[in-house]
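For reference, the structure discussed in these notes is given below.
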Amino acid sequence: MLNYAYIDEIIVNALKEDIPFSDISTENLIDKNSISVVDLICKEDGIIAGIDIFKRVFTIIGDIEVISFISDGNAVKSGEKIAEIRGNTRKILMGERTALNLLQRMSGVATITKKFVNKVSHTKAVIVDTRKTTPGLRILEKYAVTRAGGMNHRFNLSDGIMLKDNHIDAAGGIKNAVKKIRENSSFVRKIEVETENIDMVKEALDSNVDIIMLDNMDINTAKSAIKLIGNKAIIEFSGNVSLDNVKEIAEIGVDYISIGALTHSAKILDLSMKNLRSIN
């Protein structure tokens, strides 16, 4: 469920960025009472995420109705009309770029996520995101991941305990790091530890951690680690995961595969508002 109090702030800031004072092109060309309708067209195949955010932009601007023909998570085809926008012409044009930017970005994240999800659908592995998100847009990008069948990892640093390489180095090893965490954090929190080799996996197991991340391991080393871990901890794989190798990684028996590329490298889905026509 999206928190619109938070999202409205994102949208308003985006509108302020695009319209700091006025839209001098539109206001000097279009009559203030003009009413129009325009189509939202998909220009390539993909997965839609963010249609309600697209609508919300125009709700905030006012005097505009968006009629959508699809829902988040739906597959769309190139050339498909997925929504119709009706209302004050000036306001349609003022909100066009902000609304498209957000929808295209979110749909791009959903589209690449769906490709990864499809690759591992025959296994128990779950595709999850990371914190490698666009600053200020994390809530939208992580929402888009879930619309395509992926799952969210930590939302932020307050959301879960993960001991990464620098934490471990600073503490003088996994055992020391886990000991200090247990002394200083609530017992209700699960503890995840990032491991890079079999010795680190053994140390994490000796520390009775809840989740062991296999970070940047080759397949053979990961297989050995999984055999060693068994059912003693949840197993997450991360690092250098691509559409070319994710199937192989999933098939060795990991529980989760975290992929930064879902958000940091997603290409936008090409969408456009076209065929504007006056209706008054």
Side-chain angles (χ1 to χ4, degrees), residues 109 112-113 116-117 120 124-146 149-219 221-226 228-242 245-246 249-250 252-266:
V109 170
I112 187 63
T113 299
F116 276 101
V117 168
V120 305
K124 70 174 182 177
V126 177
I127 300 297
V128 301
D129 55 26
T130 71
R131 289 169 36 248
K132 296 175 182 178
T133 54
T134 307
L137 297 183
R138 181 172 293 173
I139 188 173
L140 302 183
E141 292 176 346
K142 281 183 168 285
Y143 169 80
V145 167
T146 67
M151 182 180 288
N152 295 150
H153 203 290
R154 292 187 299 173
F155 189 84
N156 53 47
L157 292 174
S158 302
D159 204 28
I161 297 170
M162 179 187 288
L163 303 180
K164 298 175 71 66
D165 53 355
N166 287 329
H167 295 112
I168 293 165
D169 290 343
I174 290 174
K175 287 184 179 180
N176 284 342
V178 173
K179 181 176 181 292
K180 289 181 180 180
I181 282 290
R182 288 204 169 108
E183 290 172 348
N184 294 296
S185 64
S186 171
F187 70 94
V188 302
R189 297 281 191 180
K190 288 185 177 180
I191 299 174
E192 178 169 7
V193 170
E194 181 181 277
T195 63
E196 299 173 353
N197 53 56
I198 295 298
D199 286 341
M200 293 180 75
V201 170
K202 290 178 179 178
E203 191 174 0
L205 284 170
D206 288 343
S207 300
N208 295 313
V209 302
D210 302 289
I211 307 163
I212 296 176
M213 176 192 287
L214 311 181
D215 187 48
N216 288 297
M217 287 189 186
D218 61 67
I219 289 294
T221 303
K223 284 180 178 178
S224 298
I226 291 167
L228 192 64
I229 297 166
N231 294 320
K232 298 173 186 175
I234 295 168
I235 303 170
E236 177 184 342
F237 189 99
S238 185
N240 296 314
V241 181
S242 69
N245 66 13
V246 70
I249 293 167
I252 65 176
V254 299
D255 299 303
Y256 297 93
I257 304 174
S258 54
I259 306 170
L262 301 184
T263 51
H264 73 56
S265 297

Just do the side chain to side chain contact (heavy atoms under 4.5 Å, CB included) check on I112 and I259 with the steps written out, would you? CA-CA 11 Å; I112 187 63; I259 306 170; over 6 Å; no
Minimum heavy-atom separation for V193 to V209, with atom names? CG2-CG1, 3.6 Å
Measure from the side-chain N and O atoms of D210 to the backbone N and O of E192, and report whether any donor-acceptor pair falls under 3.5 Å. no
Minimum side-chain heavy-atom gap D165-E194 below 4.5 Å: yes
What do the steps show when you test F116 against I257 for side chain to side chain contact (heavy atoms under 4.5 Å, CB included), and what is the final call? CA-CA 10 Å; F116 276 101; I257 304 174; over 6 Å; no
Which distance, rounded to the nearest 0.5 Å, do you find between the CE of M200 and the CG of L214? 11.0 Å
Which residue in the set D129, T130, N152 passes side-chain hydrogen bond (donor to acceptor under 3.5 Å, both in side chains) when paired with K142? D129
Whether S186 side chain and V188 backbone form a donor-acceptor pair below 3.5 Å: yes
Rounded distance [0.5 Å steps], CD1 in I211 versus CD1 in I229: 11.5 Å
Main-chain N/O of N245 paired to N240 side chain as donor or acceptor, under 3.5 Å: no
I235 vs I212 side-chain heavy atoms within contact, under 4.5 Å: no
In short, H153 meets S258 closest at the heavy-atom pair CD2-CB, 4.5 Å
Residues V120 and A250: closest non-hydrogen pair is CG1-CB, 3.5 Å
What's the spacing between Y256 OH and I127 CD1 if we round to 0.5 Å? 12.0 Å
For the pair I168 and E196, evaluate side chain to side chain contact (heavy atoms under 4.5 Å, CB included) and give the outcome as yes or no after the intermediate values. CA-CA 12 Å; I168 293 165; E196 299 173 353; over 6 Å; no
Expected output: side-chain E141 to main-chain V109 donor-acceptor under 3.5 Å: no
Test your reading of the model: is there a side-chain donor-acceptor pair from T263 to the backbone of K132, 3.5 Å cut-off? yes
Could you give the distance from NZ (K164) to OG1 (T195), rounded to the nearest 0.5 Å? 11.5 Å
Is it true that a side-chain atom of T146 and a backbone atom of M151 form a donor plus acceptor pair closer than 3.5 Å? no
Can you tell if the side chain of L163 reaches within under 4.5 Å of the side chain of I174, non-hydrogen atoms only? no
Once you round to the nearest 0.5 Å, how far does CD1 of I219 lie from CD1 of I252? 4.5 Å
Going by heavy atoms in the side chains, are V201 and M217 under 4.5 Å from each other? yes
Side chains of I181 and H167: closer than 4.5 Å at any heavy-atom pair? no
Looking at every heavy atom in both G160 and R189, which two are closest together, and how far apart are they? N-NH1, 4.2 Å
Minimum heavy-atom distance between I161 and S185, given as atom pair plus value: CD1-OG, 3.6 Å
Please find the pair of heavy atoms, one from S238 and one from M213, that lie closest to each other, and give the distance. CB-SD, 3.8 Å
Just how far is it from atom OG1 of T133 to atom CZ of R131, taken to the nearest 0.5 Å? 8.0 Å
